[in-house]
Amino acid sequence: MRNARRLRLRFDETSGTLKLTCPARMSRKTALAWALDQRDWVEAQLASAVPAEPFAAGVIIPIEGVDRRIAWDPKARRTPVLGDGLLLCGGPEDALPRRVESFLKAHALKIMSAEVAQYAALARVQAGAVSVGDAGTRWGSCSSNGRIRLSWRLILAPPHVRRYVVAHEVAHLVHLNHGQEFKALEARLFGQGLAEAKASLRRLGPRLRRIGRGR
Ligand SMILES: [Zn+2]
């Protein structure tokens with residue numbers, strides 16, 4: 001837009017594209033720098049543009065990147081069990097969404113605690129308590145006292161995507177910043193394919209955040 005008076009960022013939901021308009025005299029660099037600062041807003045738009053996928057009988061959800069059908073059988077065990085291509089859940093149907101979420105949280109905690117321990121050993125550092133949660137747009141965080149908190153939703157993603165976040169947080173046990181030394185350690189812990197894993201998380205993120213929401 002040639003005669004725009006100010007910078008504006010708009011999200012077009014149908015095409016899934018972002019449109020940046022800026023005054024003709026403003027440099028591209030300034031406009032792009034401003035747009036990059038709007039990342040939280042952009043992520044929120046992207047997340048709300050993806051339909052919610054509530055947990056229900058017959059619904060297909062990815063677990064560790066593999067599609068599984070939520071199979072409900074009132075006579076099956078209440079605690080969901082991973083089977084071939086499915087997640088078998090028993091008990092009353094109205095409690096099914098809650099039980100699926102509890103199962104995924106416990107599964108996420110078990111797998112990611114083991115991965116934190118593996119990466120911490122590689123980094124020769126002691127990890128504090130590991131916990132899982134569902135904090136907004138963050139996939140993970142590491143506190144100065146060594147506690148690592150990860151989004152349980154990472155268990156939905158393919159293993160290499162999940163491990164990238166785990167390696168990233170373990171590298172923070174050594175460096176509480178994103179400097180050169182941090183990046184070198186993160187790359188050493190994760191190994192090949194870091195950029196690809198990062199890009200996959202960006203791409204999959206909006207859907208992962210919508211799974212299990214809505215009714
Ligand atoms: Zn970080």
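Residue numbers start at 1 and run along the sequence shown. No hydrogens, no waters, no symmetry mates; every other heavy atom, side chains included, goes into these values.
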Does [X] have more than 12 heavy atoms from other residues, nucleotides or ligands lying within 6.0 Å of its [atom1]?
X    : atom1 : answer
N177 : CG    : yes
R147 : CZ    : no
R202 : CZ    : no
E181 : CD    : no

Close side-chain approach of [X] to [Y], heavy-atom, < 4.5 Å:
X    : Y    : value
R207 : E53  : yes
P97  : V100 : no
P80  : L96  : no
K29  : S27  : yes
L87  : C89  : yes
S151 : V165 : no
I155 : V132 : no
T21  : L7   : no

Taking all non-hydrogen atoms of both residues, which atom of [X] and which atom of [Y] are closest, and how far apart?
X    : Y    : answer
C142 : I148 : SG-CG1, 4.2 Å
A197 : F190 : CB-CZ, 3.8 Å
F182 : A171 : CE1-CB, 3.4 Å

Can you hop from [X] to [Y] via hydrophobic side chains spaced under 4.5 Å?
X    : Y    : answer
V59  : V81  : no
W152 : I61  : yes
L109 : L156 : yes
I63  : I211 : yes
I60  : I70  : no

Using 0.5 Å steps for rounding, measure from the [atom1] atom of [X] to the [atom2] atom of [Y].
X    : Y    : atom1 : atom2 : value
I111 : H107 : CD1   : NE2   : 3.5 Å
R209 : R153 : CZ    : CZ    : 9.0 Å
L32  : L20  : CG    : CG    : 6.5 Å
E169 : S143 : CD    : OG    : 10.0 Å
L185 : L173 : CG    : CG    : 9.0 Å
L18  : Q38  : CG    : CD    : 11.0 Å

Polar side chain donor-acceptor pair, [X] to [Y], under 3.5 angstrom:
X    : Y    : answer
E196 : H160 : yes
R149 : S131 : yes
E186 : H172 : no

### Task
Verify side-chain contact (heavy atoms from CB on, under 4.5 Å) between R68 and L82, making sure each step is shown before the conclusion.
CA-CA 9 Å; R68 314 263 185 173; L82 268 178; 3.8 Å; yes
### Query
Between F55 and L104, is a side-chain contact (heavy atoms from CB on, under 4.5 Å) present by the stated rule, with each step listed?
CA-CA 11 Å; F55 295 133; L104 291 171; 3.6 Å; yes
### Task
Verify side-chain contact (heavy atoms from CB on, under 4.5 Å) between W139 and H168, making sure each step is shown before the conclusion.
CA-CA 10 Å; W139 294 110; H168 182 98; over 6 Å; no
### Message
Exactly one of L189, L194, L154 should register a side chain to side chain contact (heavy atoms under 4.5 Å, CB included) with Y164. Which one does?
### Response
L194
### Message
Name the residue from R99, R98, K105 that meets the side chain to side chain donor-acceptor pair (under 3.5 Å) definition with E101.
### Response
K105
### Task
For the pair D134 and R213, find out whether any cationic side-chain nitrogen is under 4.0 Å from an anionic carboxylate oxygen.
yes
#### Entry: Test side-chain contact (heavy atoms from CB on, under 4.5 Å) applied to V166 and Y119, step by step
CA-CA 8 Å; V166 177; Y119 284 130; 3.7 Å; yes
